Amino acid sequence: ILESEEIFLKNVVGMVKGTDPDLAGQYITLGAHLDHVASGGKAVANGADDNASGSAGVMEIAEALAMNPPKRSVVVIAYAAEEMGLCGSHYFVNAGPISKEEILFNVNLDMIGRTSKENKETRSHYVLADEKYLGDIEPFITEINQESIQYPLIFKNEGDLPGSSDHASYSDVGIPSFFFFSGMHRDLHTPGDDPEKIEYDKAVKLSRLAYLITMKLANMDEVPAFGE
């Protein structure tokens, strides 16, 4: 006889209040999911890349934002139950404390610590977005990257790669969004996704780039109308 019980999971949400009285009521969201999948066996699945890497990056960026608050408010979120179907981000976007109309952009970190086999030589990292927004997001991020971190990036329509992430909860309701993604590697969703395999220098660079993108969006006089 199968038994079930209802379990309530919680997003972890914080905010760095904007410094500009006229812009503080507008929000940029920065997030990563904190859950992982069960291994299906006795071995522990640590989920170092998916998604301890993104969660750690968000925590570091949040600290940096708190030390230098931008004009707009930045909401920092660790989402629950992404692996169960983007549940945490869907709830935040659709039933959260902030109106969808006040959220101007979402930055999502989901796997920033590994490199897929096909990108081994360059160690390039994927930037995935909905096709509607990709054409405008690519030059925006590219300019920031070229002026700062200069990390090799591959921009892709998220439909070209399997899976999705919490940014989709935003793009589904018309909020521009993207996510950094390592790509498919053999340890994904297995007990082999361990911390000793993380490329820590890469994770640091991508976190810094995510910080600069977030700061740019939060300090602009007007956020571009991506996808319009």
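None of these values were measured; they are calculated from a predicted model. Just so you know, residue 1 is the first one in the sequence shown, and it goes up from there.
Considering every non-hydrogen atom in both Asn51 and Gly54, the closest pair reads OD1-N, 3.1 Å. Taking all atoms of both residues into account, the shortest heavy-atom contact from Val93 to Ser169 is CG1-O, 3.7 Å. Of all heavy-atom pairs between Ile77 and Val75, the closest is CG1-CG1, 3.8 Å. Heavy-atom minimum distance, Ala210 versus Ile61: CB-CD1, 3.7 Å. The minimum heavy-atom distance between Lys100 and Ile175, with the atom names listed, is O-CD1, 3.8 Å. Between Ser116 and Tyr126, the shortest heavy-atom contact is OG-CE1, 3.9 Å.
Each of Leu109, Val107, Ile112, Asn108 was checked for a side-chain contact (heavy atoms from CB on, under 4.5 Å) with Val58, and the lone residue meeting it is Leu109.
Within the 3.5 Å criterion, the main-chain N or O of Asn106 finds no donor-acceptor partner in the side chain of Ser177. Distance alone, capped at 3.5 Å, places no donor-acceptor pair between the Ser73 side chain and the Tyr27 backbone. Counting only distance, with no hydrogens or angles, the side chain of Tyr133 and the backbone of Gly174 share a donor-acceptor pair below 3.5 Å. At least one donor-acceptor pair under 3.5 Å links the side chain of Thr19 to the backbone N or O of Pro70. Counting only distance, with no hydrogens or angles, the side chain of Asn46 and the backbone of Asp194 share no donor-acceptor pair below 3.5 Å.
Looking only at atom types and distance, the side chain of His33 has a donor-acceptor partner in the side chain of Asp50 under 3.5 Å away. Side-chain atoms of Thr115 and Asn119 form no donor-acceptor pair, as typed in the model, at a separation below 3.5 Å. Side-chain contact annotation: Ser165 with Asp110, donor-acceptor N/O pair under 3.5 Å present.
Residues Ile198 make up the rest of the hydrophobic cluster containing Tyr200, defined by ILVMFWY side-chain heavy atoms closer than 4.5 Å, directly or through other members.
Every residue was checked against the salt bridge (Lys or Arg N to Asp or Glu O under 4.0 Å) condition with Lys17, not counting sequence neighbours, and none meets it. By the side chain to side chain contact (heavy atoms under 4.5 Å, CB included) test, Ala78 pairs with Val12, Leu34, sequence neighbours left out.
Under the 30°/60° scheme for interplanar angles, the aromatic rings of Phe92 and Tyr170 are found to be tilted. Between Phe181 and Phe179, the two ring planes are tilted [angle within 30° to 60°].
Legend: side chain to side chain donor-acceptor pair (under 3.5 Å) pairs involving residues 135-152, not counting sequence neighbours: none detected. Screening residues 196-213 for salt bridge (Lys or Arg N to Asp or Glu O under 4.0 Å), with sequence neighbours left out, gives Arg123-Glu199, Arg123-Asp201, Asp187-Lys197.
A 4.5 Å side-chain heavy-atom check between Tyr211 and Ile149 finds every atom pair outside the cut-off. Under the 4.5 Å side-chain criterion, counting only non-hydrogen atoms from C-beta, Ser171 is not in contact with Lys132. Within the 4.5 Å cutoff, the side chain of Ile213 has heavy atoms near those of the Phe180 side chain. Within the 4.5 Å cutoff, the side chain of Ile98 has no heavy atoms near those of the Thr29 side chain.
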Name every donor-acceptor pair, under 3.5 Å, that has one atom in a side chain of residues 216-226 and the other anywhere in the protein, sequence neighbours excluded.
from: Asn219; atom 1: OD1; to: Lys71; atom 2: N; distance (Å): 2.9
from: Asn219; atom 1: ND2; to: Met215; atom 2: O; distance (Å): 3.3

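The distance from atom CD of Glu102 to atom CD1 of Ile28, rounded to the nearest 0.5 Å, is 12.0 Å.
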